[in-house]
2 protein chains.
Amino acid sequence: MTSALNATAASLLGFLHHGPMSGWDLAATAETVIGDFWSLTRSQVYRELASMADAGLVEAGERGRRDRQPYAITAAGRAAFAEWIDREPGSETIRFPLLLTVSFGRHLPPERLAAFLSAHRAAHEQRLAGYEQQRSLAEASGGADGYAMATLDFGLAYERAVLGWFDRLPELMPGG
Amino acid sequence: MTSALNATAASLLGFLHHGPMSGWDLAATAETVIGDFWSLTRSQVYRELASMADAGLVEAGERGRRDRQPYAITAAGRAAFAEWIDREPGSETIRFPLLLTVSFGRHLPPERLAAFLSAHRAAHEQRLAGYEQQRSLAEASGGADGYAMATLDFGLAYERAVLGWFDRLPELMPGG
DNA sequence: GGATGAACCTGGCACAGTGGAATGTCAAGC
DNA sequence: GCTTGACATTCCACTGTGCCAGGTTCATCC
């Protein structure tokens, strides 16, 4: 009967374990905490909150400043979350437009493709630097959450793999 | 005016450069060629074909065996594809449910989490093996397409990074 | 040759997810 | 008081997903 929570809704419930939050705050929290491997938009947050409120998994509190509408998790919400996290997680999906471009690379002048690649490489370097800084901060502050470190380490490993791939590309591709 | 093709439609046009194909063939081709980094479903293929036919980017030919409906790319279609591939590709999105589970790992008994992790590790080993086999085949048959090798190499690098992450996890997580 | 079943091929439908536009609310500074 | 901009919510058009119904061809077995 607890109609199978989706991962986005479940994550919101996860964050609400820390106390009531508004849709805005939830969206911001999600962006920083799980945004690197689970994208969601504000629209989606509000929709999930509304439908979870209907289902009794969260409760809307009094509107505060600026129409801010806090939501609190209910007992039913905790139960639904517990049920969700106990289920086998599905496998990941990646959508990588740059690989499409590479895949159809024969239809593009090599310099153009090279320009795209170098722009993306720079962006990934940036992201790696960001992750490394996060890790330094976490290690310095000592109170490192192991679970957060695990996901952060995934980000590091991923970005390093991507950069390594960029570096091998010239040998793999025509016109390299 | 050529109303900004989406990546899925553009990919279909890309495949149609090789000659007329039916929706079925396009879906199958897409699955094997770009399926690892750009998912699409048959329904979507038929819908995009219909709308591209409306827009004059493809032309439906005579129905053949088994009601098979071939589509051919038109001059306008080639132009639209050229325009699409010349645009800066967006950045990738990853949706990784397992990382959500890890992220909320405190709400799960360690053995349960460990079980999920080992199941997923096995699946990734399988995928890596598959990619390695593909590469062997491509190298053996000699006629390796550089662009295809580049995307294949990405898959290899990604899976190796993921496996490495799995192996480091015990040191990173509580109860490891 | 008729029945059976499997693979092939197209399409419809309902619903979930996405991202950006539009709108509204409030605090702070000039 | 007026503007500016951050905060907060909602709407909408489009894209993506999964499931299913229906028709076609082919091989196989009796």
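A, B, ... follow the sequence lines: proteins, then strands. Residue 1 opens every chain. All figures in this text were calculated on a predicted structure; none of them were measured in a lab.
Judged by distance alone, the side chain of B:T74 and the main-chain N or O of B:L57 form a donor-acceptor pair under 3.5 Å. With A:W165 contributing its side chain and B:A150 its backbone, the two residues share a donor-acceptor pair below 3.5 Å.
One interatomic measurement links the two molecules: CG of A:L26 to C1' of D:dC7, which rounds to 15 Å at whole-angstrom precision. Separating the CD atom of B:E62 from the C1' atom of C:dC9 is a distance of 17 Å, rounded to the nearest angstrom. Straight-line distance from the CG atom of B:L12 to the P atom of C:dT10: 13 Å, rounded to whole Å.
Each of B:S22 and B:T93 has a nearest nucleotide on DNA chain C; the 5'-most of these lies closest to B:S22.
The side-chain heavy atoms of A:L156 and A:R160, taken from C-beta on, include a pair separated by under 4.5 Å. Put simply, the side chain of B:H120 reaches to within 4.5 Å of the side chain of A:E88, judged on heavy atoms. Residues A:D167 and A:R121 form a side-chain contact, since some pair of their non-hydrogen atoms from C-beta on lies under 4.5 Å apart.
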| remark: With B for base contact, S for sugar-phosphate-only contact and - for none (protein heavy atoms under 4.0 Å), nucleotides 10-18 of chain D reads BB---SBBB
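Exactly one residue among A:Y147, A:W38, A:F81 makes a ring-ring contact (aromatic ring centres under 6.0 Å, His included) with B:F104. That residue is A:F81.
In summary, the aromatic rings of A:Y158 and A:F37 are positioned with their centroids too far apart to meet the 6.0 Å limit.
Look at B:E92 and A:R127 and you find a salt bridge, because one of the NZ, NE, NH1 or NH2 atoms lies within 4.0 Å of a carboxylate O, short of that distance.
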Find every protein N or O atom lying less than 3.5 Å from an N or O atom of nucleotides 23-27 of chain D, and list the pairs.
residue, atom, partner, partner atom, Å
D:dT25, OP1, B:R66, N, 3.3
D:dT25, O2, B:R66, NH2, 3.2
D:dC26, OP1, B:R65, NH1, 2.9

